[in-house]
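What follows is a set of notes on a single structure, which appears directly below.
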Amino acid sequence: HADIAMYSAKKMGRNNFQFYTPAMNEESMERVRIESALRNALERNEFVLHYQPQVDLKTGQIVGMEALIRWQHPELGMVPPVRFIGIAEETGLIVQIGAWVMRTACAQNKAWQDAGLGKLRVAVNLSARQFGAPDLIAGLESVLADTMLDPDCLEIELTESLFMNDITPAVDLLHRMKSLGVNLSIDDFGTGYSSLSYLSRFPIDVLKIDRSFVADITVDANDAAIVTSIIALAHNLKLAVIAEGVETLEQLDYLRSHGCDEMQGYFFSKALPAAEFEQLLVQGRALPPPVLLEREPAP
Ligand code: C2E
Ligand code: MG
Ligand code: MG
Ligand code: MG
């Protein structure tokens, strides 16, 4: 056997070692490390969810939160989702990870409700890979049954990538999701390449304006036009609209004066560990009243 192994290694020559040559850059080495560590992360309990408040722009109150995954690896440290969600999708690991996120977020929301902290809604990101998995509906049913969370308190965030090709199977699946009583939103709205026609065919409840449009809303007339158009589009279709990535009072004013329903962003709070988010609820944190005063509407 040793001979055979040696022979084949020789036969394959130096090319066999290409994997380790400098051609493999830092980035792809890290990718390999992340991929193998990711395989053990769930059973080692390395994931946590942080929660970012979603605030009603009329009342200033927290009405919901988005659950955002964090990965604390003993050697790699804190790995942000942009560095592992894509890999989790490609390897299929996102299906189990996503199921853990769904269950944890629903259980946490129910626990806060049971503690009398308000009937909030929790938003959970669903990747395309999860959407295509055969047991999506059964998984959702069992999470809702086990946690006893009111399905109306769960919002599932989808991206436009789901609607790019043949949308017929997606229409059916979305209706089955809707029939569970949950809410559906389109995340990062406006950044995909899908046609708008899906909006009239799909049982969507909420559009989330991508933060790339919000960033320059007060300085770039084109971005401002896009945002006001998305708000109008949403309302004409009887959908709610939430802006993400709101960092300044000026952005908030603009959105509020143009009728945006809710906002999420660093201006109010970043995503927080569960214990810290709970403190916001206990304190009844809201937008301070001066922020909600009528001001000169932004142009
Ligand atoms: P997303 O779903 O669009 O989430 C919003 C991202 O914007 C979050 O980044 C959030 O921390 C960040 N953000 C919120 N407010 C602000 C702001 O005012 N300014 C700026 N610059 N950023 C803000 P995060 O947590 O790093 O997540 C990045 C993406 O990773 C998410 O984008 C989502 O696509 C994905 N992701 C996170 N958690 C999950 C998950 O549990 N499952 C799946 N499938 N994807 C997830
Ligand atoms: Mg999201
Ligand atoms: Mg988003
Ligand atoms: Mg985004």
Side-chain angles (χ1 to χ4, degrees), residues 34 38 41-42 46-55 62 64-72 78-109 121-133 136 139-140 143 154-162 183-192 204-218 227 230 241-252 254-255 260 262-274 276-277 287:
I34 286 182
L38 207 49
L42 259 186
E46 292 170 354
F47 293 119
V48 289
L49 293 185
H50 284 192
Y51 297 90
Q52 185 174 37
Q54 299 178 324
V55 177
I62 299 175
M65 60 266 178
E66 179 172 6
L68 293 158
I69 195 168
R70 302 289 180 257
W71 179 19
Q72 188 61 60
M78 172 78 146
V79 189
V82 288
R83 275 172 60 203
F84 72 87
I85 291 291
I87 299 173
E89 279 168 354
E90 285 160 33
T91 54
L93 290 165
I94 193 68
V95 175
Q96 290 101 292
I97 296 171
W100 175 86
V101 171
M102 186 64 73
R103 185 166 288 273
T104 306
C106 289
Q108 180 64 79
N109 191 18
R121 186 189 60 217
V122 67
V124 175
N125 294 283
L126 196 86
S127 90
R129 196 78 186 247
Q130 288 172 272
F131 190 72
L136 173 70
L140 283 171
V143 166
L154 173 63
E155 181 175 300
I156 298 179
E157 296 192 1
L158 312 159
T159 57
E160 290 170 276
S161 61
L162 295 181
N183 298 291
L184 302 178
S185 64
I186 305 295
D187 202 358
D188 308 331
F189 182 75
T191 61
I204 301 295
D205 303 286
V206 181
L207 296 186
K208 294 193 78 176
I209 304 174
D210 189 68
R211 71 166 188 265
S212 62
F213 299 123
V214 174
D216 293 329
I217 203 177
T218 56
V227 167
I230 294 175
V241 60
I242 178 166
E244 52 180 26
V246 179
E247 297 184 354
T248 69
L249 179 59
E250 291 70 30
Q251 292 165 345
L252 186 149
Y254 186 94
L255 291 160
C260 188
E262 294 175 19
M263 72 93 161
Q264 183 182 337
Y266 297 165
F267 179 77
F268 188 82
S269 171
K270 62 178 183 162
L272 301 170
E276 285 174 44
F277 185 88
L287 284 171

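Fair warning: this is a prediction, and the values are worked out from it, not measured in the lab. Just follow the structure's listing: the first ligand is 1, and inside any ligand the first atom is 1. These values consider heavy atoms only, across backbone and side chains, with no hydrogens, waters or symmetry-generated copies. Nothing fancy with the numbering, it's 1 onward along the sequence.
Of the polar atoms of Gln264, none of the N or O atoms is found under 3.5 Å from an N or O of ligand 1, judged by distance alone. In terms of polar-atom proximity, defined here as any N/O pair under 3.5 Å, Arg211 does make such a contact with ligand 1. Polar contact with ligand 1: present for Ile69 (N/O pair, distance under 3.5 Å).
Using cut-offs of 30° and 60° on the angle between ring planes, the pair Trp100 and Phe47 is tilted.
When each atom of ligand 1 is checked for a heavy atom of Gly265 under 4.0 Å away, the hits are 15 (N), 18 (O). Of all atoms in ligand 1, listed by their number and element, those nearer than 4.0 Å to a heavy atom of Ser127 are 44 (N). When each atom of ligand 1 is checked for a heavy atom of Glu247 under 4.0 Å away, the hits are 17 (C), 18 (O), 19 (N), 20 (C), 21 (N).
Counting heavy atoms under 4.0 Å from ligand 1, residue Lys208 does not touch it at all. For Ala271, no heavy-atom contact with ligand 1 is shorter than 4.0 Å. When non-hydrogen atoms are compared, ligand 1 lies under 4.0 Å from the side chain of Val101 (C-beta onward) but not from its backbone.
If you check each of Asp210, Leu68, Leu49, Thr159 against atom 4 (O) of ligand 1, the one with the closest non-hydrogen atom is Leu68. Counting heavy atoms only, Gln52 comes closest to atom 15 (N) of ligand 1 of the residues Glu89, Gln52, His50. Of the listed options Ser212, Pro81, Ala123, Ala88, Pro81 places a heavy atom closest to atom 28 (C) of ligand 1. Checking Phe268, Tyr266, Phe47 against atom 18 (O) of ligand 1, the nearest heavy atom belongs to Tyr266.
Under the 4.5 Å side-chain criterion, counting only non-hydrogen atoms from C-beta, Leu158 is not in contact with Asp187. Contact of the Ile156 side chain with the Asn125 side chain is not registered, since no non-hydrogen atoms from C-beta on lie closer than 4.5 Å. Within the 4.5 Å cutoff, the side chain of Thr159 has no heavy atoms near those of the Phe189 side chain. The closest side-chain heavy-atom distance from Met102 to Leu126 is below 4.5 Å. With contacts defined as side-chain heavy-atom distances shorter than 4.5 Å, the pair Tyr266/Val246 does not qualify.
Ion pairing between a basic and an acidic side chain is recognised when a charged N comes within 4.0 Å of a carboxylate O; Glu46 and Arg70 show no such pairing. For the pair Arg211 and Glu244, the salt-bridge criterion is not met [side-chain N within less than 4.0 Å of a carboxylate O]. Between Arg129 and Glu89 there is no salt bridge, since none of the side-chain N atoms of the basic residue sits less than 4.0 Å from a carboxylate O of the acidic one. A salt bridge between Arg121 and Glu66 is absent, with no side-chain N of the basic residue lying under 4.0 Å from a carboxylate O of the acidic one.
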Mind running side chain to side chain donor-acceptor pair (under 3.5 Å) on Gln264 and Gln54 for me, showing each step along the way?
-> CA-CA 5 Å; Gln264 183 182 337; Gln54 299 178 324; 2.9 Å; yes
Between Ser185 and Glu157, is a side chain to side chain donor-acceptor pair (under 3.5 Å) present by the stated rule, with each step listed?
-> CA-CA 5 Å; Ser185 64; Glu157 296 192 1; 4.6 Å; no
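Distances from the Mg ion (ligand 2) show that Asp187 has an N/O/S atom below 2.8 Å. The distance from the Mg ion (ligand 2) to the nearest N/O/S atom of Glu157 is under 2.8 Å.
Here the N, O or S atom of Glu66 that is nearest to the Mg ion (ligand 2) is OE2.
By the 4.0 Å heavy-atom criterion, Gly245 is counted among the residues contacting ligand 1. Residue contacts with ligand 1: Lys270 is excluded, as none of its non-hydrogen atoms falls under 4.0 Å.
For Asp188 atom OD1 and Glu244 atom OE2, the angle they make at the Mg ion (ligand 3) is roughly 80°, to 10 degrees.
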